[in-house]
There are 2 protein chains.
Amino acid sequence: MEKIGRKEREHLAHRGEILRAAEKVFAAKGFFQATMNEIAEAAEFGTGTLYKFFKSKEDLFFILIDEKTEEINGPVKDELLKKAPAIERIKNILRLQLEFIERNRDFFRIYASEGSRFEWKVMSSCGNQIHEKMVAYIHLLAQVMKQGMGEGKLKSMDPLDLAHAFEGIVHSFIFEWLISPESYPLISKAETILEIFLNGTEKKERRK
Amino acid sequence: MEKIGRKEREHLAHRGEILRAAEKVFAAKGFFQATMNEIAEAAEFGTGTLYKFFKSKEDLFFILIDEKTEEINGPVKDELLKKAPAIERIKNILRLQLEFIERNRDFFRIYASEGSRFEWKVMSSCGNQIHEKMVAYIHLLAQVMKQGMGEGKLKSMDPLDLAHAFEGIVHSFIFEWLISPESYPLISKAETILEIFLNGTEKKERRK
DNA sequence: TCATTTTGTGAATAGTCATTCATTTCTAAA
DNA sequence: TTTAGAAATGAATGACTATTCACAAAATGA
């Protein structure tokens with residue numbers, strides 16, 4: 001449907017290069033300490049050029065976050081369209097998340113270190129928009145938890161609590177992986193995460 | 001032992017007032033957007049006065065974090081001196097943490113939103129010092145997990161993994177509590193957290 | 001080739017703040 | 001009351017950097 005000429009393609013490519021450069025710089029220095037000059041330099045453009053593509057520094061930042069967020073949310077939503085038992089879904093979502101982060105180390109650096117939610121609420125309205133998306137995501141997850149309860153596979157608890165607990169565990173493992181000096185595949189932690197989330201950590205007496 | 005005259009007492013009181021004001025302002029706006037003027041105003045001092053007490057903005061910030069961190073770490077360490085079964089300890093530490101945060105909403109706002117670890121490593125050496133403390137804390141927790149395994153009460157897993165998972169769950173509940181519009185006692189989530197951490201979320205068939 | 005439009009540039013601008021320090025206000029001893 | 005010293009002040013300084021814009025380069029197409 002969409003016919004795009006060379007011109008447009010080139011424009012998009014440039015935009016992409018800027019975003020990629022911004023991702024690196026923001027990840028390394030954080031929003032406030034990154035300068036537009038640095039980003040421009042990293043992208044091999046003049047400073048003024050950035051403003052041909054993005055309204056402001058904040059704008060650049062939020063668009064970066066927003067697009068990446070969509071990139072991970074898409075596959076997760078696709079997953080939720082398929083009919084599948086809740087526990088299967090949880091496993092798949094976990095895998096998707098870990099794989100995405102593994103491919104986007106820098107992005108999570110930003111996402112985690114920059115304004116873990118709070119600053120965003122303070123910043124431009126765009127910040128709010130991102131916050132909304134995060135809330136929406138958690139609610140999706142809560143839906144899955146509820147489904148699991150309906151299937152009799154998960155204990156009856158507040159589904160939101162479960163969703164938070166799950167994301168909490170996942171995040172802490174991602175954090176650890178991010179700052180760990182040794183490099184290991186993040187996905188290798190999937191089983192541990194699931195084991196803890198589903199079965200807990202207490203050793204049980206053997207069942208009869 | 002320590003004789004302190006009125007003078008000194010007053011000096012300490014002023015220092016404390018500045019720290020309290022800083023806590024509020026940093027919590028509301030974040031490190032980079034808080035200004036020294038604002039903090040001074042909130043503390044009802046002149047701008048210059050802050051510099052009689054703290055070398056710089058960074059200095060003020062880190063000292064604030066550091067002192068608060070000690071305030072929570074102290075009781076936790078005391079707890080660890082007592083002889084007690086691991087699971088008992090975990091419960092107590094959880095209670096201590098939740099109670100502390102409940103009394104120090106603003107502090108956790110800062111702690112969580114500001115440089116979840118990464119920025120700190122970039123910043124002054126003081127940032128590193130705080131990072132070290134966080135690592136040390138996790139290792140303490142891991143020790144407790146190991147103890148629990150020794151007692152046959154916890155599954156044999158990497159103790160650090162357990163510690164991370166635990167902190168992950170706790171943090172996510174604190175986050176939620178922080179941004180939640182309804183106000184409820186944070187401590188009320190203790191049972192849920194423990195239940196998930198120890199027993200997991202999967203519904204088990206009745207044991208015989 | 002030349003005129004026109006599009007795209008890119010980076011020096012100059014303007015605003016923001018951390019920090020300083022000359023001055024004022026307070027304290028208490030004489 | 002006087003006065004030396006301590007404590008507090010906030011206007012002025014100096015750095016820094018987001019953003020703009022007059023200009024240059026490149027692309028287009030006649």
Side-chain angles (χ1 to χ4, degrees), chain A residues 4-26 28-65 110 114-115 119 122-124 126-127, chain B residues 4-26 28-65 110 114-115 119 122-124 126-127:
Chain A
I4 23 175
R6 183 177 55 73
K7 261 312 179 41
E8 224 154 333
R9 210 160 40 245
E10 212 161 60
H11 188 269
L12 274 202
H14 287 182
R15 199 185 107 108
E17 280 167 57
I18 294 173
L19 281 171
R20 240 171 295 135
E23 187 177 354
K24 272 207 201 71
V25 177
F26 281 137
K29 326 246 287 187
F31 178 78
F32 291 101
Q33 296 195 296
T35 71
M36 291 302 262
N37 270 316
E38 251 177 314
I39 295 173
E41 203 162 327
E44 300 180 80
F45 282 106
T47 319
T49 311
L50 302 205
Y51 289 87
K52 292 277 171 13
F53 291 85
F54 303 96
K55 210 167 68 272
S56 66
K57 187 183 178 187
E58 267 195 15
D59 196 50
L60 170 55
F61 182 75
F62 283 124
I63 286 179
L64 174 61
I65 303 270
I110 298 169
E114 219 57 58
E119 312 251 309
V122 173
M123 289 166 103
S124 78
C126 207
Chain B
I4 22 177
R6 185 176 56 70
K7 260 314 178 40
E8 225 152 334
R9 208 161 41 245
E10 212 161 61
H11 188 269
L12 273 202
H14 288 181
R15 199 185 107 107
E17 280 166 58
I18 293 173
L19 281 172
R20 241 171 294 135
E23 188 176 352
K24 271 208 201 72
V25 177
F26 280 136
K29 325 247 287 189
F31 178 78
F32 291 102
Q33 296 194 295
T35 70
M36 290 303 263
N37 269 316
E38 253 176 313
I39 295 173
E41 203 162 327
E44 299 180 82
F45 282 105
T47 319
T49 310
L50 303 204
Y51 289 87
K52 293 279 185 326
F53 290 84
F54 303 95
K55 210 165 70 273
S56 66
K57 187 184 179 187
E58 268 197 15
D59 196 51
L60 171 55
F61 182 74
F62 283 124
I63 286 178
L64 174 61
I65 303 269
I110 299 169
E114 219 58 59
E119 311 251 308
V122 173
M123 288 167 101
S124 77
C126 208

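Below, read A as the first sequence line, B as the second, and so on, with proteins coming before strands; counting in each chain starts at 1. Here the structure is a predicted model, which means the values were calculated and not measured. We use all heavy atoms of the structure for the numbers below, so side chains are in, but hydrogens, waters and symmetry mates are not.
A donor-acceptor pair under 3.5 Å links the side-chain atoms of B:E38 to the main chain of B:T35, judged by distance alone.
Distance, A:E10 CD to C:dT7 P: 9 Å, rounded to whole Å. Atom NZ of A:K55 is separated from atom C1' of D:dT19 by 13 Å (rounded to the nearest Å). Atom CD of B:E58 is separated from atom C1' of C:dC17 by 15 Å (rounded to the nearest Å). One interatomic measurement links the two molecules: CZ of B:F53 to C1' of C:dT19, which rounds to 17 Å at whole-angstrom precision. Rounding to whole angstrom units, CG of residue A:L60 and P of D:dT19 are separated by 10 Å. Distance B:F32 CZ to D:dT17 C1': 14 Å, rounded to the nearest Å. Straight-line distance from the CZ atom of B:F54 to the C1' atom of D:dA8: 15 Å, rounded to whole Å. In this structure, the CG atom of A:D59 is 13 Å from the C1' atom of D:dA18, given to the nearest Å.
One finds the CE atom of A:M36 at 8.5 Å from the OG1 atom of A:T47 (value rounded to the nearest 0.5 Å).
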Listed pairs under 3.5 Å, donor-acceptor, residues 16-26 of chain B side chains, sequence neighbours left out:
{"from": "B:E23", "atom 1": "OE2", "to": "B:F107", "atom 2": "N", "distance (Å)": "3.3"}

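For the salt bridge (Lys or Arg N to Asp or Glu O under 4.0 Å) condition, the pairs that include at least one residue of residues 45-55 of chain A, sequence neighbours left out, are A:K55-A:D59.
Using a 4.0 Å heavy-atom distance criterion, A:H14 is classed as a sugar-phosphate-only contact.
Among residues two or more places apart in sequence or in another chain, the salt bridge (Lys or Arg N to Asp or Glu O under 4.0 Å) test is passed with A:R6 by A:E10. Checked against salt bridge (Lys or Arg N to Asp or Glu O under 4.0 Å), B:E44 has no partners two or more places apart in sequence or in another chain.
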_Please encode protein proximity along nucleotides 21-30 of chain D as a string of B, S and -, counting only heavy-atom distances under 4.0 Å._
-------S--

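Counting heavy atoms from C-beta outward, B:F61 and B:K57 have side chains that stay 4.5 Å or more apart. A:L64 has its side chain within reach of A:I110: a pair of non-hydrogen atoms, C-beta onward, lies under 4.5 Å apart.
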*Can A:K7 and A:L12 be said to form a side-chain contact (heavy atoms from CB on, under 4.5 Å), step by step?*
CA-CA 9 Å; A:K7 261 312 179 41; A:L12 274 202; over 6 Å; no

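Distance from the side chain of B:K57 is smallest for C:dT19 among the nucleotides D:dA18, C:dT19, D:dA8.
Residue-to-nucleotide proximity on DNA chain C shows that, of A:H11 and A:T47, the 5′-proximal contact is made by A:H11.
Interface residues of residues 34-46 of chain A facing DNA chain D, ordered by number: A:A34, A:T35, A:M36; criterion, heavy-atom separation under 4.0 Å.
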